[in-house]
Amino acid sequence: MDRYDPKTIEAKWQQVWEAERTFYTPDPAPGEEPPNHWYQLEMLPYPSGTLHMGHVLNYTMGDVLTHFRRRHGWIVLRPMGWDSFGLPAENAAIREGGHPREIVEQNIVEIREQMKRLGWAIDWDREVGAHDVEFYRWTQWLFLRFYERGLAYRKAAPVNWCPHDQTVVANEYVIDGRCERCGTPVELRNLEQWFFKITAYADELLRFDLPEGGSWPERTMTIQRNWIGRSEGAEILFRVDELDTDISVFTTRPDTLYGATFFVLAPEHPLVERIATPEVDEYVRATAQKKTEERAAEQAKTGVFTGRYATNPVNGAKLPVWVADYVLMDYGTGAIMAVPAHDERDGEFAETFDLPVVEVIAEDGTLVNSDGFDRMPAEEAKQAIVEKLHGEGRGAPAVSHRLRDWSFGRQRYWGCPIPILYCDACGEVPVPDEQLPVVLPEVEDYRPKGKPPLATATEWLHTTCPRCGGPATREADTMDTFVDSSWYFLRYVDPHNDQAPFDRRLVDYWCPITHYIGGIDHATGHLLYSRFFVKVLNELGLLGFREPFAGLFHQGWVTMGGTKMSKSKGNVSGPDAVVEAYGADAVRLYILFMGPADQDMEWTDAGIDGMVRFVRRLWRIVHEVAAAAPPGEPGDGPLVRKAHATIERVTDDLDRRMQFHTPISAVMELVNAIADDPAAPGARFAAETAVSLLQPWSPHVTSELWEVLGHEDRLWQQPWPQTDPALLVHETFELVVQVNGRVRDRLEVPAGLADAELVERATRSEKVQAHLDGKEIRQSIVVPGKLVNLVVG
RNA sequence: GCGGCGGUGGCGCAACUGGUCGACGCGAUGGCCUCAAAAGCCAUUGUCCCUCUGGGACGUGUGGGUUCGAGUCCCACCCGCCGCACCA
């Protein structure tokens, strides 16, 4: 027996897989599209660094599922690519010096090597990188389709500005008022910006019409629903005579309209400019300088009276108009009717500024002080009051969402150029399809300066208008990298297509993605954007489904020092050293053995020795079995039964419960049982079963051991082991006997005895008799095949 | 504040539908093998107690409850983590 040498056997099998193209998945020919196919995908890595143990967990999970499905006869597509555009890569380049492209491409070379050394089953023919012209020309092409439909547009709006990264940041990636990338508090700035009209799909995004057999974690759907934040109410017009205008207000409580005693505008409200008093100007200026974070953390209410009055449409009351920053411009209409008696925030404000409070809902939930609606239940009054206003043209039922349009223009270099031109004569002009791609130009200094770096590439910037032939300037913003990741999974299906982003037949065949693995941090970002993209692409006729991801699974974080591993935090541990020291198989097993895959786990290599010990033990025992155990029919001895029970556990744990660690325990138990007597009848069958069941976790050593056991075929092509139901049934079982709920004895008894017989045997036990103490048995409970509980009193 | 997840040996965790708590592994202790080491093997390993070839009590964050039986269900609370948060 050779010593277990992971380096040699891992290199050997990786070469075999590459030479035999084991993990390359051909597309089906038209008309020949086998039904049992599976699209396994894990979120693609940012090549801003190389892999850390969090990636190892993620992709090993995908790998186990890929092997498992293949061995059940499924055709599995399992591609890989790079989220290579965007801030992470660009910031890495700034940090380390050099060009983002060089950094990214160098990292990609290294990551590809790491992935191959871990033995992951990836179809490398389908590799896609966001920064490849052949990819981003189609990102531009898709943008133009959105643009044509009015789903990509430019407007001035308050947006989050990160002063460190010198760019706009989407709402989805502002965490606690700070930039998700660099942690700098963001500012609200009124800027001309590019947006995707995701709000047009708000209600549809609330519905999860998952494909048959699909399932999402409930909490992810809840997070998305809360993010979209649909609320039903009414929009009501308040007249401001002095400004000769109507101000629209959104409220979920039209039933409290008679209780409105003042009126508040957000400081950013467009009307505020027209009110211009020195106090108002000063207040607005002071607010504008506050960071979003500071504003949210403020305890006391602040505000300023404008000297103007708005008329309550329901009773003609003159309400003083205030400007206060507790009213947010980006929700509702940026203006509210304030009802201090029934809204906590309005109440605080009224108390601070000594404004009147009028109660309009009594304790019993009916209206008071509300002409004509008194004693009406509040729920009923909501409708009745809106109906009355509707009749007068002063209000209507309305729905408001928390969700904002997705701002995707970035004032940065390293991204996909937006294919738009500005012409003095024609205005905003989309680049015609035949002029794509708009290639990202080289610039002298790509670092952020507040002004898009592309604006300094003068030769590239100035061009001719395709409509009038006159001079035109290119859009210098680039796209958010989340635009790239909103459709990359579709490009994998048809990565070399130079006529279209993808072939609809192929996309409709492989997609939706059967099983997607990635972090829950993308719940309101990538996972929402991709759903939006797919809905639009469906309406464009480019594909035939409306949800991108049928199944979804969130892995836990791999932490170090209690925080999530990430390059920006500097607490990164990569696979290279451990793979070098222990081999890929042991590392793959260990990272999955550490705990439930959906829970966070603290990385430590303290226990990895134990896993290497197990692999070596498996190696030795399989060799002993190969030498000692007789070939032939396995029979039905205890080892064979144990093997069948293990098949049952491993298969069920993985398939139904998405548990990757308990199957390893189950196989360890089986191996321990074989070790007791490697020459026993059934030991060969048990060893074959152990090796076969472990193949998805540790494909190299198991492939080798399969040969050691005398097989000339390929383990990864073997059907998944099947249980024989007859061998799962045992002839005897251990009967647990309890007296008053406490275990007092265990008896080995034949299966299939009548309840009365079980009670009889239980009662006869000496140990039980000692505890019965001569007392009368009042009740006996029998759990068939398990236990008897004798109740005495 | 609202919503969610979690709390089991020295450690990671297992116990899936209320039915044997601690599987599997780490660590630790003792022993075997060896000139020695590496590797490996064997035994012990929740706490406490006793008349110790055995046996008993206690034990899953805390306090109650339901049940023949509760880590699992119900009520109240404590602690930790995550998401949302002046959303009208």
Please measure how far the C1' atom in B:U62 lies from the corresponding atom in B:G12, and state the result in whole Å. 25 Å
For atom CG of A:Leu527 and atom P of B:G83, their distance in whole Å: 15 Å
Report the glycosidic orientation of B:G9: syn if within 90° of 0, anti in every other case. syn
Can you label the angle between the A:Tyr173 ring and the A:Tyr529 ring as parallel, tilted or perpendicular, going by 30° and 60°? tilted
Which letters describe nucleotides 64-74 of chain B, given B = protein heavy atom under 4.0 Å from base, S = only from sugar-phosphate, - = neither? ----B------
Return one dot-bracket line describing RNA chain B 5' to 3' (Watson-Crick or G-U wobble pairs, both distances under 3.5 Å; ( ) same strand, [ ] crossing, | another strand, . none). (((((((..(((......[....)))((((((.......))))))(((((...)))))..(((((..]....))))))))))))....
Given the C1' atoms of B:C42 and B:C33, what is the spacing between them in whole Å? 11 Å
Within the 4.5 Å heavy-atom criterion, are A:Trp322 and A:Thr306 side-chain neighbours or not? no
What contact category does A:Glu344 fall into here, base, sugar-phosphate, or nothing, at under 4.0 angstrom with non-hydrogen atoms? nothing
Is the glycosidic torsion of B:C52 within 90° of 0, making it syn, or is it anti? syn
Show me the protein contacts with nucleotides 10-18 of chain B, counting only N or O atoms at under 3.5 Å.
residue: B:G12; atom: O2'; partner: A:Met594; partner atom: O; Å: 2.5
residue: B:A14; atom: OP1; partner: A:His661; partner atom: NE2; Å: 3.2
residue: B:A15; atom: OP1; partner: A:Arg657; partner atom: NH1; Å: 3.3
residue: B:A15; atom: OP1; partner: A:Arg657; partner atom: NH2; Å: 2.8
residue: B:C16; atom: O2; partner: A:Arg656; partner atom: NH2; Å: 2.3
residue: B:C16; atom: N3; partner: A:Arg657; partner atom: NH1; Å: 3.1

Regarding the side chain of A:Arg620, the nearest nucleotide among B:G19, B:C41, B:A88 is B:C41
Contact class for A:Val339 vs. all strands (heavy atom < 4.0 Å): base, sugar-phosphate, or nothing? nothing
Protein and nucleotides 44-51 of chain B: nitrogen or oxygen contacts under 3.5 angstrom:
none

5' priority, RNA chain B, between A:Val743 and A:Arg219 [closest heavy atom]: A:Arg219
Just grab all the salt bridge (Lys or Arg N to Asp or Glu O under 4.0 Å) pairs involving residues 664-675 of chain A, residues at least two apart or on different chains. A:Lys642-A:Glu669, A:Arg649-A:Glu669
Can you pull every protein N or O that's under 3.5 Å from an N or O on nucleotides 56-58 of chain B?
residue: B:G56; atom: OP1; partner: A:His771; partner atom: NE2; Å: 3.0
residue: B:A57; atom: OP1; partner: A:Arg744; partner atom: NH2; Å: 3.3
residue: B:A57; atom: OP2; partner: A:Arg744; partner atom: NH1; Å: 3.4
residue: B:C58; atom: OP2; partner: A:Arg742; partner atom: NH1; Å: 3.0
residue: B:C58; atom: OP2; partner: A:Arg742; partner atom: NH2; Å: 2.7

Looking for any heavy atom pair under 4.0 Å, which part of the strands does A:Gly332 touch: base, sugar-phosphate only, or nothing? nothing
Is any side-chain N or O of A:Arg402 closer than 4.0 Å to OP1 or OP2 of B:C84? no
Looking only at side-chain N and O atoms, does A:Lys767 come under 4.0 Å of OP1 or OP2 in B:G54? no
Of the candidate nucleotides B:A88, B:G83, B:C86, which contains the atom at the shortest distance from the side chain of A:Ile223? B:G83
Considering only the C1' atoms, how many Å lie between B:A70 and B:G65, rounded to the nearest integer? 11 Å
Choose from B:A85, B:G25, B:A88 the nucleotide whose nearest atom is closest to any side-chain atom of A:Asn672. B:G25
Would you check if A:Asn171 and A:Trp227 make a side-chain contact, meaning some heavy-atom pair closer than 4.5 Å? yes
Separation between the P atoms of B:G56 and B:G22, rounded to whole Å: 16 Å
How is A:Arg778 classified with respect to the nucleic acid when contacts are heavy atoms under 4.0 Å: base, sugar-phosphate, or nothing? nothing
